[in-house]
Amino acid sequence: MERTWWKEAVVYQIYPRSFNDSNGDGIGDLNGITEKMDYLKKLGIDVIWLSPVYESPNDDNGYDISNYRGIMKDFGTMEDFDRMLAAAHERGIRIVMDLVVNHTSDEHPWFVESRKSKDNPYRDYYIWREGKNGKEPNNWGSCFSGPAWEYDGQTDMYYLHLFSRKQPDLNWDNPKVRDEVFDMMDWWCQKGIDGFRMDVISLISKVPELPDGKVGKNGYGDYGPYVCNGPHVHEYLQEMNRRVLSRYDLLTVGECSGVTVEEAKKYASLDGKELNMVFQFEHMDLDGGETFKWNERKIKLTELKQVLTKWQTSLMGKAWNSLYWCNHDQPRMLSRLGNDSPQYREVSAKMLATCLHMMQGTPYVYQGEELGMTNVPFQTLEDFRDIESINAYHELVGQGVIDGDTMMRYLRYKSRDNARTPMQWNDGENAGFTEGTPWIMVNPNYIEINAEEELAREDSVFYYYQKLIRLRHENPVIVYGDYKLLLPEHEALYAYTRELDGEKLLVICNFSSEEQKMDLPEEFSGKEGTVLISNYEDSRPEEHMTLRAYEAAVYRF
Ligand code: TEU
Ligand code: CA
């Protein structure tokens, strides 16, 4: 397999609104990121993925863009951006921009024009349809509740919005839209940025008939089958690759809801015709159900292993994986798959990190994950800021599908806001995030869980992540080795091997608080193994092993 920098890199995701506020207005900003560049250098990451910093009315915290070439006032100026980029580059850190081009804001000048009249030159930049019998053109529901169509009285037609009504979908079948997007991408590349994370890029090509979808618990049809991996998506990405991506040295990752391994082999093929890698959702959707993500179900370890192993082995030698537990759309994995009680928080955070970072693919660390940050004790609906959470509460409780108290518990467990509370820098006021009033509450556990405390303590989660990142940089077997699952039926242990040029790693992770027995697999029997990393001081590779609560160890043979 060809060796490239983006296969060997570790990416750190910053959600700028919640990272660090430099001017006391309660909102994180670009200068705040620049201030913390040495912290990121110390962690050892190679790349920052910056969630959107473009001009936006913030209906969905910047994922609704009104100007792709301007910086959101809350976050600073283009000069601040350039300074941040230079500060990163000086330290050998690359910057990957979020590219949100499945939709724009309804306040983007293209849409302002588009809605004016049926013959406006920008009309076909978006997806307009006539109503059916005085109702929406089809039964699709929006990802953020309500119908996926908004009626516009000006021209007596509806526009499609898979997300909020302030996020109209672009019409990628229009070559002018593709020209505009590619020009804009080129402009950022000329500026010197190092790649793109492409928001819901798997949704850009819709089946032209837009047929009704299967009706779910909320009464709306599922658009998934007609928009995920649609008819022209690969053609459009290949065009993007020819016209922009291939002309620069970039890291590209497509956020691909609805992606299967077969589709991923096209998006992220090692021949480089489209993208470097995709974010898949299968492991994140394992605890989904009738009421979508809203429940308190626990992911079964056997199912998790089956899904992640399928991705590891099917893409091996054909396409490249991305590896993630956390991002700004997911609750904290530590509270979901690990154990956030004071007794086990650190050890289980390290276990989860070991399990993920020893796999093949490019790992992504989400801000605060390296500190073992947890879900948040939100009290009332007023504590939430996320449009998805607030709308889902009103829709599902309003329709009587879920009662109010139950839905509050579901929000507390699954809301995206769990990942969006301020980064916990120290035990001072507002966790050192801001001198003003933070735009969303701070997790009260910042007194115990914060960067300053962890930086001063050798056995902290922070230094464990630092070590995992360094090990990846130093050991090609972690990046390129073959993956093989052991004990697929075991309900508490996740064990696997990696192998490259005769060098072997044995990775063992105990996902439970109980002791678990495991015999050294035969292939290692009688061989001398050394400890590469572990979250207990005295982990050893022995013929008969007893794994303690959340113990994780990597042995090299
Ligand atoms: O997320 C796309 C996506 O698939 C989400 O709808 C995801 O399923 C949901 O957030 C899980 O609860 C991207 C961005 O990452 C997200 O922040 C945006 O809200 C969304 O696109 C619209 O741009
Ligand atoms: Ca600020």
Side-chain angles (χ1 to χ4, degrees), residues 13 15-35 49-54 56 58-65 71-77 80 98-105 141-145 148 161-170 197-204 222-224 227-228 253-259 278-282 284-285 287-288 291-295 324 326-331 364 366 384-392 410-411 413-420 422 430 433-439:
Q13 183 191 352
Y15 196 66
R17 181 163 289 271
S18 306
F19 192 64
N20 185 32
D21 175 20
S22 70
N23 63 351
D25 66 356
I27 300 173
D29 45 51
L30 293 168
N31 289 338
I33 297 171
T34 307
E35 282 174 12
W49 149 25
L50 201 58
S51 274
V53 294
Y54 314 94
S56 163
N58 279 314
D59 193 48
D60 184 20
N61 288 355
Y63 283 89
D64 48 320
I65 297 169
I71 298 294
M72 190 194 298
K73 287 203 182 57
D74 289 344
F75 292 164
T77 63
D80 296 335
D98 217 310
L99 181 78
V100 188
V101 289
N102 172 70
H103 44 267
T104 68
S105 164
S142 139
C143 188
F144 295 155
S145 302
H161 60 89
L162 298 182
F163 296 90
S164 98
R165 63 164 66 90
K166 286 184 66 65
Q167 293 169 301
D169 281 56
L170 282 165
R197 173 270 185 188
M198 304 181 189
D199 194 65
V200 285
I201 204 71
S202 56
L203 310 187
I204 58 174
D222 173 18
Y223 57 62
V227 308
C228 295
V253 51
E255 190 211 20
C256 290
S257 32
V259 70
V278 299
F279 290 131
Q280 56 88 14
F281 283 75
E282 272 194 83
M284 288 294 166
D285 292 342
D287 54 8
T291 45
F292 319 100
K293 68 190 261 185
W294 305 111
N295 60 48
Y324 74 96
C326 298
N327 61 42
H328 66 295
D329 291 335
Q330 299 294 338
Y364 289 73
Y366 178 69
F384 291 91
R385 298 288 176 273
D386 171 30
I387 180 171
E388 180 195 48
S389 307
I390 295 167
N391 288 1
Y410 293 171
L411 289 188
Y413 185 51
K414 282 290 195 63
S415 170
R416 309 196 291 184
D417 277 341
N418 282 297
R420 298 177 178 185
N430 298 317
F433 163 72
T434 180
E435 285 170 7
T437 307
W439 69 277

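Worth knowing before you read on, the calculation uses all heavy atoms, side chains too, and leaves out hydrogens, waters and symmetry mates. Order of listing sets the numbers, starting from 1, for every ligand and every atom in it. Along the sequence shown, the residues carry numbers beginning at 1.
Heavy-atom contacts from other residues, nucleotides or ligands closer than 6.0 Å to CZ of R165 number 12 or fewer.
Looking only at protein heavy atoms, the nearest one to atom 8 (O) of ligand 1 is F281 CE2, 4.2 Å. Looking only at protein heavy atoms, the nearest one to atom 19 (O) of ligand 1 is D60 OD2, 2.5 Å. Of all protein heavy atoms, the one lying nearest to atom 9 (C) of ligand 1 is E388 OE2, 3.8 Å. Of the protein's non-hydrogen atoms, R416 NH1, 2.8 Å is the one closest to atom 10 (O) of ligand 1. In this structure, atom 15 (O) of ligand 1 lies nearest to the protein heavy atom D329 OD2, 2.5 Å. Distance from atom 13 (C) of ligand 1 to its nearest protein heavy atom, with residue and atom name: D199 OD1, 2.8 Å.
Taking the Ca ion (ligand 2) as reference, the nearest N/O/S atom within D25 carries the name OD1. The atom of D29 nearest to the Ca ion (ligand 2) is OD2, with the search restricted to N, O or S atoms. Per residue D21, closest N, O or S atom to the Ca ion (ligand 2): atom name OD1.
The distance from ligand 1 to the heavy atoms of H328 drops below 4.0 Å at these ligand atoms: 14 (C), 15 (O), 16 (C), 17 (O). For ligand 1, the atoms lying closer than 4.0 Å to a non-hydrogen atom of C143 are 6 (O). With ligand atoms numbered from 1 in the order given, ligand 1 contributes 17 (O) to contacts under 4.0 Å with heavy atoms of R420. Atoms of ligand 1 found under 4.0 Å from any heavy atom of E255, numbered from 1 in the order shown, are 1 (O), 2 (C), 3 (C), 4 (O), 13 (C), 15 (O).
Side-chain contact between W49 and D98 is present, with at least one heavy-atom pair separated by less than 4.5 Å.
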Evaluate T77 against D80 for side-chain hydrogen bond (donor to acceptor under 3.5 Å, both in side chains), listing each step before the verdict. CA-CA 5 Å; T77 63; D80 296 335; 3.3 Å; yes
Just do the side-chain hydrogen bond (donor to acceptor under 3.5 Å, both in side chains) check on S56 and Y63 with the steps written out, would you? CA-CA 8 Å; S56 163; Y63 283 89; over 6 Å; no
With side chain to side chain contact (heavy atoms under 4.5 Å, CB included) as the test, would you mind laying out the steps for N430 and D21 before giving the verdict? CA-CA 11 Å; N430 298 317; D21 175 20; over 6 Å; no
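By the 4.0 Å N-to-carboxylate-O rule, D329 lies too far from K414 to be salt-bridged with it.
H103 counts as a contact of ligand 1, since one of its heavy atoms falls under 4.0 Å from the ligand. Contact between M198 and ligand 1 is absent, with no heavy atom of the residue lying under 4.0 Å from the ligand.
Residue side and main chain included, N31 places no N/O/S atom under 3.0 Å of the Ca ion (ligand 2). None of the N, O or S atoms belonging to D74 lies under 3.0 Å away from the Ca ion (ligand 2). At least one N/O/S atom of I27, whether from backbone or side chain, sits less than 3.0 Å from the Ca ion (ligand 2).
Using a distance-only test at 3.5 Å, with no hydrogens or angles considered, a donor-acceptor pair links the side chain of S18 to the main chain of R420. Y364 contributes no side-chain N or O that, together with a main-chain N or O of N327, makes up a donor-acceptor pair within less than 3.5 Å. When atom types are taken as modelled, the side chain of S202 and the backbone of S257 share a donor-acceptor pair closer than 3.5 angstrom.
Checked by distance only, ligand 1 and K293 come closer than 3.5 Å through their nitrogen or oxygen atoms.
Here M284 has no heavy atoms under 4.0 Å from ligand 1, in either its backbone or its side chain. The proximity of F144 to ligand 1, defined as any non-hydrogen pair under 4.0 Å, is limited to the side chain.
The only member of D60, T104, N102, D64 that meets side chain to side chain donor-acceptor pair (under 3.5 Å) when paired with Q167 is D60.
Note: C256 SG to F279 CZ = 9.5 Å, rounded to the nearest 0.5 Å. With rounding to the nearest 0.5 angstrom, the CG atom of L203 is 8.0 Å from the CD atom of E255.
The cationic atom of R17 (NZ for Lys, CZ for Arg) lies less than 6.0 Å from the six-membered ring centre of W439 and within 45° of the ring axis.
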